[in-house]
Amino acid sequence: MIGIIGAMSVETEALKAKLENKKSEIVCGVEYVSGELSGKSVVVVAQCGIGKVFAAICAQTMILRYGVSALINTGVAGTLSEKIGVLDFAISTAVVQHDMDTSALGDLPGLISGINIVEIPASKSLSETACRLAALQGNK
């Protein structure tokens, strides 16, 4: 099962409209809509809320309640690069908690205590698949 997270309804409404065999459930005030999208089982969050904390809560719910094995974040409104514009694809190879900084304690900027890494790697196979699919749609 694939989980698709969007912060705002404008980012998920088109996906929800394309779902077949829809089911909806409210968990802790967030609507999770599941169904089939192009023959794949998916769960779409209608509106998880803006920010990494809301996204993390939704991701955890999707993993624990719905058993998703892959997560896609759609509609990221902000970027740290001027090279990425509206309607561009950004496909990750890793994620960094950019606002984490315990360097005053001697750590590297972004180091996540407890797991002692800066970059959390994305699934190589999922990133490669996303790149292939984006290229099929005419994206570089």
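- Within the structure, ring-ring contact (aromatic ring centres under 6.0 Å, His included) pairs that include any residue of residues 47-68 comprise Tyr32-Tyr66 (at least two apart or interchain).
- Linking ILVMFWY residues whenever their side-chain heavy atoms come closer than 4.5 Å, directly or via other members, places Leu71 and Val43 in the same cluster.
- Applying the salt bridge (Lys or Arg N to Asp or Glu O under 4.0 Å) rule to pairs touching residues 109-121 yields nothing, sequence neighbours excluded.
- Sequence neighbours left out, the pairs with a member in residues 59-71 that pass salt bridge (Lys or Arg N to Asp or Glu O under 4.0 Å) are Glu25-Arg65.
- Note that CE of Met1 is 5.0 Å distant from OG of Ser41, once rounded to the nearest 0.5 Å.
- Expressed to the nearest 0.5 Å, how far CD1 of Ile2 lies from OG of Ser69 amounts to 7.0 Å.
- For the atom pair Thr12 OG1 and Ile5 CD1, the distance stands at 11.0 Å (nearest 0.5 Å).
- For the pair Cys28 and Thr61, the minimum side-chain heavy-atom distance is 4.5 Å or more.
- Other members of the hydrophobic cluster containing Ile117, listed by chain and number, are Val95, Ile112, Ile115, Ile120; membership follows side-chain contacts under 4.5 Å among ILVMFWY residues, whether direct or relayed.
- In this structure, CG on Leu133 lies 8.0 Å from CD1 on Ile91, to the nearest 0.5 angstrom.
- The list of salt bridge (Lys or Arg N to Asp or Glu O under 4.0 Å) pairs with a residue in residues 52-61, not counting sequence neighbours, reads Lys52-Asp99.
- Using modelled atom types, no side-chain atom of Lys22 and backbone atom of Val33 make a donor-acceptor pair closer than 3.5 Å.
- Atoms SG and CG, from Cys58 and Asn73 in turn, are 10.0 Å apart once rounded to the nearest 0.5 Å.
- Both Val68 and Val30 sit in one connected hydrophobic cluster of ILVMFWY residues. Membership requires side-chain heavy atoms under 4.5 Å apart, directly or through other members.
- Residues Val96, Leu108, Val118 make up the rest of the hydrophobic cluster containing Leu111, defined by ILVMFWY side-chain heavy atoms closer than 4.5 Å, directly or through other members.
- Proximity of Val42 to Leu19: side-chain heavy atoms (C-beta onward) are separated by under 4.5 Å at one or more points.
- The CD atom of Glu11 lies 11.0 Å from the CD atom of Glu13; values are rounded to the nearest 0.5 Å.
- Under a 3.5 Å cut-off, the side chain of Thr102 and the backbone N or O of Leu105 do not form any donor-acceptor pair.
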